[in-house]
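Below is one structure, written out as structure tokens; comments come after it.
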Number of protein chains: 2
Amino acid sequence: MGKAQVSIRVALADDHRLLLEGLAQALNGIPDIDVIGTAVDGADLIELVAATEPDVILVDIEMPGTSGLAALAEIRNGPPAIVVTMHADQEHRSRAQAVGAVGFMSKSTPLPDLAAAIRAAAAGESLMNDDAETILAMHQDPVLSAGAAALTAREKELLGMLASGVSSTDDLANRLFISQKTVKNHLASIYEKLDITDRAQAAVEAIRLGLRRDPDD
Amino acid sequence: MGKAQVSIRVALADDHRLLLEGLAQALNGIPDIDVIGTAVDGADLIELVAATEPDVILVDIEMPGTSGLAALAEIRNGPPAIVVTMHADQEHRSRAQAVGAVGFMSKSTPLPDLAAAIRAAAAGESLMNDDAETILAMHQDPVLSAGAAALTAREKELLGMLASGVSSTDDLANRLFISQKTVKNHLASIYEKLDITDRAQAAVEAIRLGLRRDPDD
DNA sequence: TGCAGAATGGGCCGCCAGACCCATGGCGCA
DNA sequence: TGCGCCATGGGTCTGGCGGCCCATTCTGCA
């Protein structure tokens, strides 16, 4: 309390420069936060982190080339990372968690909440659990329909493939190592839950729900 | 030059608060630009503009409820508006132009370029034409594939429907007021140009290309 | 003036997608 | 212990999708 307070050193990564530069200035305007570097893609971020050793990393998922998640997976055991995304749904969240992110926030979050998250991350707290849950819930994108919540893991996986352009029964079966018949069964179940009728609509929904999966899985 | 310079009064609208608040602070940091108000959806923006009469409007296309374009269409004959979007492709651009926007920029644009655009807009210049073209081109999202450029207007329209979940030949034909046969012909042409084989893949590509169209057209 | 391309349309056909029935094994939970 | 759900798989059938070939009209450009 009486001690001299050192600013939290933050590294920022986002391919949208307006957000990147705007957010950097806004964060610099907060007394105890200091943006020490920015990156516009995952590769940049990896270099930046290695060069500057920040206290906290703030990273967007969607970036050209090396994505934010890929960069985090690469870095690992580095400084605590908060993932910022437009798709603040459970799917992206667990993927962020899987690569070691300690925080996960929607771009719709107000700035002070992000600042609070940065302070918590710098203090070594994880925001992925319990009470942070309620704060997060308030800022999650309101697009998750009733049916989407009922999707099973396998169904989401299948939707992920569809969203990345794998559409034929045969290809889907091969990639999931199951028979063509099972693919069709899963699809039928998906159609019912999402109230749709074919793969084209399923692909649209899958993308809307953020279930897209990079083909290199 | 020697005259006292009055700041340009800017109104900002974006549903992503991190971008909104960050960009607001960043713009306020520029001497001749003054952000006089922000909005998180189209309805907010309409109120804000009526109340504050800004010199320039900066608006995102994608917002919940009333979209940025819908808000601009509502406002019309108001202050010059610059549309800022993640999907900086020709399709979105012409739609922005249709509702009277004088500028159109990707969120990947560096901040100084945006500031320049704001100054130009405040000075009554239009950035939709000629030389601004080259600046814009540099900041357009780099995802437009070779084949996508060859798509005709009708084909894009059809893709737009697909991307919003209209998938059956019958529905497509009804909405476009053409025969089912013509729908299939257009689709075949699309498949060839984009090197894909079915509607599901076409929907994925359409969304990727930002051709999605709201169902209420 | 003619040609290329776009938009509209037709016919035909093979095959896959989706609908509707079912069975089995595993897993979790009451 | 049994119920329900999930993932896996089978069979069948019909309709629609996509592939291929074609014609007509209009526009714009060389």
Side-chain angles (χ1 to χ4, degrees), chain A residues 90-91 94 146-207 209 211 213 217, chain B residues 90-91 94 144-207 209 211 213 217:
Chain A
Q90 200 51 48
E91 196 67 19
S94 46
L151 291 170
T152 69
R154 201 61 161 159
E155 286 161 3
K156 287 181 195 168
E157 205 174 339
L158 209 158
L159 281 169
M161 313 253 67
L162 264 181
S164 55
V166 182
S167 57
S168 78
T169 305
D170 196 53
D171 287 347
L172 289 167
N174 286 141
R175 304 219 181 196
L176 295 173
F177 304 108
I178 54 180
S179 78
Q180 299 195 8
K181 197 62 206 50
T182 303
V183 168
K184 292 178 131 195
N185 284 339
H186 285 319
L187 281 172
S189 162
I190 289 169
Y191 296 156
E192 196 188 358
K193 288 178 183 172
L194 298 184
D195 192 26
I196 54 180
T197 59
D198 55 48
R199 296 164 200 233
Q201 291 177 2
V204 172
E205 282 303 296
I207 293 174
L209 294 171
L211 296 177
R213 201 157 292 244
D217 280 10
Chain B
Q90 200 52 48
E91 198 66 20
S94 46
L144 290 179
S145 66
L151 291 169
T152 69
R154 202 60 161 160
E155 287 161 1
K156 287 181 194 167
E157 204 174 340
L158 210 158
L159 280 169
M161 314 252 69
L162 263 181
S164 55
V166 181
S167 58
S168 78
T169 305
D170 196 53
D171 287 347
L172 289 167
N174 287 140
R175 303 219 182 195
L176 295 173
F177 304 108
I178 54 182
S179 79
Q180 298 196 9
K181 196 62 206 51
T182 303
V183 168
K184 293 176 126 196
N185 284 339
H186 285 319
L187 281 172
S189 163
I190 289 169
Y191 296 155
E192 195 188 358
K193 287 178 183 174
L194 298 183
D195 193 27
I196 54 180
T197 59
D198 55 48
R199 293 162 203 233
Q201 291 178 1
V204 171
E205 282 303 295
I207 293 174
L209 294 171
L211 297 177
R213 199 158 294 242
D217 279 12

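Note on naming: letters A, B, ... go to the chains in the order of the sequence lines (proteins, then strands), and numbering restarts at 1 for each one.
- At the phosphate of C/dC16, neither OP1 nor OP2 sits under 4.0 Å from any side-chain N or O atom of A/R199.
- Note that the two end axes of the helix from C/dT1-D/dA30 to C/dA30-D/dT1 enclose an angle of 50°, each drawn from 5 base pairs, rounded to 10 degrees.
- Of the possible donor and acceptor atoms, none in the side chain of A/Q180 sits under 3.5 Å from a partner among the backbone N and O of A/A173.
- Not one side-chain nitrogen or oxygen of B/Y191 sits closer than 4.0 Å to the OP1 or OP2 atom of D/dG19.
- Checking C/dT8, C/dG10, D/dC17 against the side-chain heavy atoms of B/T169 singles out D/dC17 as nearest.
- Considering only side-chain atoms of B/K181, the nucleotide from C/dG10, D/dA7, C/dG18 that sits closest is C/dG10.
- In this model, the phosphate group of D/dG10 is approached by a side-chain N or O of A/S179 to a distance below 4.0 Å at OP1 or OP2.
- Taking only distance into account, the side chain of B/D170 never meets the base of D/dG16 through a donor-acceptor pair shorter than 3.5 Å.
- Between A/A202 and A/L162 the shortest heavy-atom distance is CB-CD1, 3.6 Å.
- Remark: A/T152 is in phosphate contact with D/dA7, judged by side-chain N or O atoms under 4.0 Å from OP1 or OP2.
- At least one side-chain heavy atom of A/I196 sits under 4.5 Å from a side-chain heavy atom of A/Y191.
- Among the nucleotides D/dG18, C/dT8, D/dC17, the one closest to the side chain of B/S168 is D/dC17.
- The side chain of B/K184 approaches D/dC17 more closely than any other nucleotide in the set D/dC17, D/dT8, C/dA17.
- Checked against C/dT8, C/dG18, D/dG9, the side chain of B/R154 finds its nearest nucleotide in C/dT8.
- A donor-acceptor contact under 3.5 angstrom links the side chains of B/R199 and B/T169, judged on distance only.
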